[in-house]
Each structure stands twice: as C-alpha cells, then as structure tokens.
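A note on names: the letters A, B, ... follow the listed sequences, proteins ahead of strands, and every chain is numbered from 1.
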Amino acid sequence: MTTPAKQVRVRYAPSPTGDFHVGGARTALFNYLFARHFNGKFILRIEDTDQSRYKPEAVGWLLNGLQYLGMDWDEGPEAGGEFGPYVQTERLEIYRRYRDQLLEQGRAYRCFCTPERLEAASKEQQRRGGNPGYDRLCRDLDTAESARRAAAGERHTVRFKMPIDGETVVYDAIRGEIRFPNSNLQDTVLMKSDGIPTYHLANVVDDRLMEISHVLRGDEWVSSLPLHARLYEAFGWTPPVMAHLPLILNPAGKGKMSKREDRAPDGRVLPVFVRTFEELGYLPEAMINYLALLGWSFDDKTEIMSREELIERFSLERVNAAPAVWNYDKLDHLNGYYIRQLSSDALAERLLPFVRRAGFAVELEYMLKAAPLLQERITRLSDAAKAGGFFFADELPPYDSAELIPQKGDAAMARRVLERARQTLTSVDFSREALEPALRGDAEALGVKTGQMFQPVRVAVCGKKAAPPLFETLETLGRETCLKRIDQAVAKL
RNA sequence: GGCGCUAUCGUCUAAGGGUUAGGACGGAGCCCUCUCAAGGCUCAAAUACGGGUUCGAAUCCCGUUAGCGCUACCA
C-alpha cells in the first residue's frame, strides 16, 4: 500500500444508542489496524446527536469493549487530545457556526414545514409517481422572510440545497467511482429544530476539524456519500479518502447482523454484543483475528495472525467489497486454537474468574493442575465450568448409574472393576506414572479390556463418559476424592 | 417502487486474461487412542444465468436474476 502523504488520522465514531456490537467492533478494528499500520492516530468520537435514542450506559459498553479487544485510542474520551471535545453534544456551538455559514452562502435553507406536512407531502409525491421525500417547499422562501420567521422563534430545521439536475460522482477507495443521479437526492436536514445537527453536518464538520485523513465506515453509508461530498464542496474542503467496509450479515445471510441476541435451537445464546463475547470467554486474540478476516484477507493461506501481524499486514487494497456472513463455528475454532496456544499458567489465570463465577470456590494452585487437562476440550473459557465441573465441585451432580456399566459388560462387571480399583487406589502412589500401570494390571488380573476397566472408574470419578485422560484426572482429583466417589458409585449399582 | 452496492465450494476467502480454480471453517472417512478432545492424513464441495470482447474469460463489458443497503427533524 502506498504510504499516504499526510499523517494518517482515522476515527471510529459510534453513536451511543445501544450495545457495542460486532459490526461496530469490526469497523473500529479496521480503523485501528489502518492507523497503527501507518503510525497514525486512532481517534474515538462519540456521535450523540440523537437525543431520543441516547443510552447513558452505551459509552461505557463501548469503552470497555474496545479495551477488552485491545484497541487503544490516541484521542477521544478519557484520552483527551488537541482536537476535542470528542463528544458531539459538547460541540454544538461549532456546528451552529457552520450552519450559519451555509445559510449565508445560500447552500442551505430554513424549512418551517411541520412533521404532518412533511408526511403529507411525501405521500403526495409518491401518489404522483415520484419518490417519497420532501417536496422542497421552503427551498425558495425569501431569505429576509425566512430570517424574520426564525427570529420570531418559529420552529424550523435547516436543509441542504442539493443540486436538482445532473449527477453527483463520488469516489470510494474500495469500490471506485459511484455515480448518483441528482434527481434522486433529497434536501436532507442538517440541523434539527432542537438546534442539534444531524449526523451529516456534525460528521463532516468534525472530520474536517479533527483533520481526519481517511474515513473507514460501514457500507450502509454509501447512500449518504453524495450528500457528504456536496457538503465538503459547499464548504470548499477536500474530503478525506472515503472507504466503505462490507456489511456483516447474520449467519442466515439475511440482513445485517442483528442488534439483538438470539438463541440457537439448542438454547445457546448467539452473541452479537462485544461484552457477551467477553462474558462467554472469547479471547481478544481470537476476536480480533476473526473480525479481521471478515472482509479482509492477507493471502491465499494465512489465517492465524497476531495483533502485530495484522497491523503489519493490513491494507485497504485487500478489503473486500462483498458483504460477509457471520460464522460462529469459525470463531469458535479460532478461539479454541488460541486457548490451546496459551501456556497452562496463563490459561489457569484466565479460567479462574469464569469458574468462580459459575459458583465454584477454586484456588489458583488447583486450577494450575486442572487447566491443562481442560485446555484441549474447551472452545470458550466459560465452557470450563461445565467441562470440568467434577474437578471443582465437592459433590458430583447426579448421573445415571447405567453410565457406569462398561461396553459389553454388565453391572456385576462394573462392581468388580470399581472394587478392584478402589483397592488399588488406596495404596498406590497417587501419580499418573504409578496409576496407569497399576490400573492396567488390574484390568489384566480381572480379565477385562482396558476400556472396560477405565470407563467405570472414569464415570465414577467424573460423573460422565467424556472427560480428560483418566490417570491425570485421578492424580489431580487426589486420593481422597477418588475413593469417596468410587464408593458412591458402587452404592449406586 | 426508486437509487446504490454486491455475486468463486454451505460459510469466510485466494487466484485480477492462460492454474488439475488454492486455503480455512463446517461435513464425511481413515489414523492415533482409556472416553472426549486435540493432532495427522484423505475425500466430497464453487466461478449465479445469458450475451459479448479475446487465440484464450472466474477474471474485462453489457443485460438478467438474486441478495443486501439506503430511501427519518436515526445513526
């Protein structure tokens, strides 16, 4: 990628109207990677111009989410910076100045139409076979009259005067040239009647004032590009490089990844919000790797990439134009992979809060022993409580005694096996190295296959058939617990 | 409806005029094995359709179809 001439300054500019979801995280990530790749600045700006949809918790969710994913920002809330404030409702005076400028230049006009009239006008337009939208009634209002009505306190919005004929040609760094017939474009509202700008005005003004060099945002914004291009033009500004990132579609491929969390047919939550992924124990390494692969690729082979590699390799040229369908299986695969890459110490530490939250009182020392046995068997950190509950619980949850009966065996065999094992476990050195030959010897002495020997013991001790390797498990659990559980199992037979 | 974007295995993608169309997830099979995993090997699986351009098209152009996005005093 050719290095941009001026300093790269990009921003992620969400509106705090809801939870921070993966679509937003992907947009933030591409901005972050782009900035870090060029040693530029990654700026966070809060676009809170929609008062009615504003959610006070949203900024917290956002900041926490970015921190969890390890995307540090150079300027913005909590970071400061010389282009602040970075919250739009703290910049209202600025937008009013630019509104006035457009008004004076005749590039915008006051609209006194009521919502009711707007609706009626839109319907009338449609009835006449045109497009729905505003009929531009106030566009040619006398300026003195307009100013007088405004001064008298009459409620109004300010609309941008779009050209009526011809076309607006814009350029997108990913898609190239895009042409829009002006006959299709609206005189969009720039300033609402409450004196707060809409996205379009605030965004363009801020990007200019904050010296944003590249705008990387979601594909849903391409339809606003002509307006934004005309706004830059009206102000006499050169627009930043605009790049629209492909949308993330829900797993069904039908529509944008929803902003609501559904459940799979089996009842599992299908997370959409960043904090849900965090709560379920997705590692930031996996999230970032997966997100980066949604709409971007490095080459024909490489998929596993660390943050540093992503930063080094990221380029706008390799961003795809087509929308991408979200795939939970692939994310799970990556998460499992990154879990397996962790040292057992690191895994134990990460596991501890999850297992404790599930209600088990566990110490780090014990977790250090259990973690390696769980490592290959979990795809998310939160899976550990279920997969290894028998490690952490005092009492095993109830299980079906039929599970104790070995393949091609019967209850009598299970009893013989367990009683023999109990005897052995009472005296043998309680290490995996000693346990294995001892129990194998028991199998031989009893004339049963090793599987028939191990399975009843495994179920007695773990309460289920699918569990980590037996001897390591026994060793971790300790003699006392193992003997107790075998006694309980024998009693069930 | 209008406007816009997009179109390679089920999914994420590579190949950007010449390849047996490559990789990954998922699926199937085999191996390993005390179960479950993990790991290794193998297999099935794609250029939406129709026209051009060209010696040659997944690749360039046009059309169709389909999907998605936008069509607010929301972002």
Work out how far the C1' atom of B/rU20 is from that of B/rC9, and round it to whole angstrom. 16 Å

For A/Ile196 and for A/Leu185, find the nucleotide of RNA chain B with the closest heavy atom, then tell me which residue's nucleotide is more 5'. A/Leu185

Tell me the interatomic distance from A/Arg117, atom CZ, to B/rC73, atom P, rounded to whole angstroms. 12 Å

Protein-nucleotides 64-69 of chain B N/O pairs closer than 3.5 Å?
from	atom 1	to	atom 2	distance (Å)
B/rG69	OP1	A/Lys256	N	3.3

Students often mix this up, so state it plainly: with edges at 30° and 60°, are the rings of A/Phe454 and A/Phe471 parallel, tilted or perpendicular? perpendicular

A/Asn327 near the nucleic acid: base, sugar-phosphate alone, or nothing, with a heavy-atom cut-off under 4.0 Å? base

Would you kindly compare A/Met191 and A/Gln455 by the position of their nearest RNA chain B nucleotide and give the one closer to the 5′ end? A/Gln455

Side-chain N or O of A/Arg127 versus OP1/OP2 of B/rG1: is the shortest distance under 4.0 Å? no

For a quick check of understanding: with a heavy-atom distance under 4.0 Å over all strands, which category does A/Thr17 fall into, base, sugar-phosphate or nothing? nothing

Taking the minimum atom-to-atom distance to the side chain of A/Pro469, which one of B/rU35, B/rU13, B/rA15 wins? B/rU35

Taken to the nearest whole Å, CG/A/Asp300 to C1'/B/rC25 is 17 Å

What about A/Arg175: does its side chain form a donor-acceptor pair under 3.5 Å with the base of B/rC5? no

Applying a 4.0 Å non-hydrogen cut-off, can you work out what A/Thr157 is touching in the nucleic acid: base, sugar-phosphate, or nothing? base

Donor-acceptor pair under 3.5 Å: do we get one between A/Glu376's side chain and the base of B/rG39? no

Identify whether any heavy atom of A/Lys301 sits under 4.0 Å from a base atom; if not, whether one sits that close to sugar-phosphate; answer base, sugar-phosphate or nothing. sugar-phosphate

Pairwise P distance, B/rC61 and B/rG16 [rounded to whole Å]: 16 Å

OH of A/Tyr337 versus P of B/rC12: gap in Å, rounded? 23 Å

Any side-chain N or O of A/Thr49 less than 4.0 Å from the OP1 or OP2 oxygen of B/rA75? yes

B/rC34 phosphate, OP1 or OP2, under 4.0 Å from A/Arg440 side-chain N/O: yes

Nearest-angstrom distance, P atom, B/rU8 to B/rC60: 13 Å

Enter the distance from A/Leu404:CG to A/Leu418:CG here, rounded to the nearest 0.5 Å. 6.0 Å

Aromatic ring proximity, centroids under 6.0 angstrom, A/Phe112 and A/His156: yes

Base-contact (B) and sugar-phosphate-only (S) positions in nucleotides 57-62 of chain B, heavy-atom cut-off under 4.0 Å, - elsewhere: ------

At 4.0 Å (heavy atoms only), tell me whether A/Pro14 reaches a base, stays on the sugar-phosphate, or touches nothing. nothing

4.5 Å side-chain heavy-atom contact, A/Val204 and A/Arg230: no

Please work out which of the three classes, parallel, tilted or perpendicular, describes the rings of A/His228 and A/Tyr199, given edges at 30° and 60°. tilted

Under 6.0 Å between the ring centres of A/Trp296 and A/Phe314? yes

Is the closest side-chain heavy-atom distance between A/Ile212 and A/Met210 below 4.5 Å? yes

Students often get this wrong, so: under 4.0 angstrom with heavy atoms, is A/Pro246 touching a base, only sugar-phosphate, or nothing? nothing

Regarding the side chain of A/Lys330, the nearest nucleotide among B/rC34, B/rG4, B/rG23 is B/rG23

Whole angstroms only, please: what is the CD-C1' distance between A/Glu119 and B/rU71? 15 Å

Respond yes when some side-chain nitrogen or oxygen of A/Arg377 is under 4.0 Å from OP1 or OP2 of B/rA38, and no when none is. no

